[in-house]
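The structure appears right after this line, and notes come after that.
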Amino acid sequence: QGVLVPGLGTFAAVHEQINSTEEVYVVRRPVFQLDMDTSCLRELVFPTVVMPGDIEIMPLDYWWLSQTSSLPPDVVRGCVEETILLYSFQLRDRQRPAFAFDNIGILSCQDNVLCMQFHCSCIAGLESQDTWVALLLS
């Protein structure tokens, strides 16, 4: 399952098969597909990620987020929208701030490359059997 964060992109966990000389590994690893206004991304390069067609993409659950933050869903929605808008303005103004996602990773821009770097704990949480293979792929 994937989660769409409107104006930013989609987070998902994908299965990937890796063939080694000894075994075949199938691991789950996180991916992020950027979906931002391209006018914000002038001069920036970002990796192209293709989500497999069998992944169900769900919208961001503002109600669930409101339950974890004790804020009303409309306030949470407004905060998310304003934060993404601020981030896109900063990118447009050639500022390169890092965008941290708690327990997931960091969206950062280094040498004009905008990419998502997932925390090891996020990857390990998705793949408990072949964690090292998933970590190497990510």
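Side chains are part of it too, since the values below use all heavy atoms of this structure and drop only hydrogens, waters and symmetry mates. The model shown is predicted, which means the values in this text are computed figures rather than measured ones.
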Before you tell me yes or no, could you show the steps for Cys109 and Leu44 under side chain to side chain contact (heavy atoms under 4.5 Å, CB included), namely the whole-Å CA-CA distance, both residues' side-chain angles and the distance that decides it to 0.1 Å? CA-CA 8 Å; Cys109 188; Leu44 294 180; 3.4 Å; yes
Side-chain donor/acceptor pairs under 3.5 Å, residues 62-72, sequence neighbours excluded:
from	atom 1	to	atom 2	distance (Å)
Ser66	OG	Trp63	O	2.6
Thr68	OG1	Leu65	O	2.9
Ser69	OG	Leu65	O	3.0
Ser69	OG	Leu71	N	3.4

Test Glu81 against Thr83 for side chain to side chain contact (heavy atoms under 4.5 Å, CB included), laying out the working first. CA-CA 5 Å; Glu81 290 171 354; Thr83 301; over 6 Å; no
Heavy-atom nearest pair, Gly105 first then Met116, reads C-CE, 3.5 Å
Using the ring of each side chain (for Trp, its six-membered ring), is Phe11 parallel, tilted or perpendicular to Phe118, with breaks at 30° and 60°?
perpendicular
Those residues at least two apart in sequence (or on a different chain) that pass side-chain hydrogen bond (donor to acceptor under 3.5 Å, both in side chains) with Glu43 are Arg94
Is a side-chain N or O of Gln33 found less than 3.5 angstrom from the main chain of Val49, in a donor-acceptor match? yes
SG of Cys79 to CD1 of Ile84, rounded to nearest 0.5 Å, is 11.5 Å
Rounded to the nearest 0.5 Å, the CZ atom of Phe32 sits from the SG atom of Cys115 at a distance of 10.5 Å
Tested for side chain to side chain contact (heavy atoms under 4.5 Å, CB included) against Val80, the lone hit among Val75, Leu8, Leu60 is Leu60
Margin query: Applying a strict under-4.5 Å side-chain criterion to I, L, V, M, F, W and Y, I'd like to know whether Ile104 and Val14 cluster together.
Written below: no
message: When you compare the side chain of Met58 with that of Leu4, does any pair of heavy atoms fall below 4.5 Å?
response: no
By side-chain hydrogen bond (donor to acceptor under 3.5 Å, both in side chains), Gln90 pairs with (sequence neighbours left out) none
So CG of Leu91 and CG of Leu107: to nearest 0.5 Å the spacing works out to 7.5 Å
With hydrophobic residues grouped by side-chain heavy-atom distances under 4.5 Å, do Val3 and Met36 end up in a single group? yes
Rounded to the nearest 0.5 Å, the CD1 atom of Ile55 sits from the CD atom of Gln1 at a distance of 10.0 Å
**OP:** Report the relative orientation of the aromatic rings in Phe99 and Tyr87; use parallel for angles under 30°, tilted for 30 to 60°, perpendicular for over 60°.
**Re:** perpendicular
Separation between CG (Asn103) and NE2 (His119), nearest 0.5 Å, reads 7.0 Å
Taking side chain as C-beta onward, heavy atoms only, is Arg96 less than 4.5 Å from Leu114? no
Would you call Val5 and Thr10 a side-chain contact if the rule is heavy atoms closer than 4.5 Å?
no
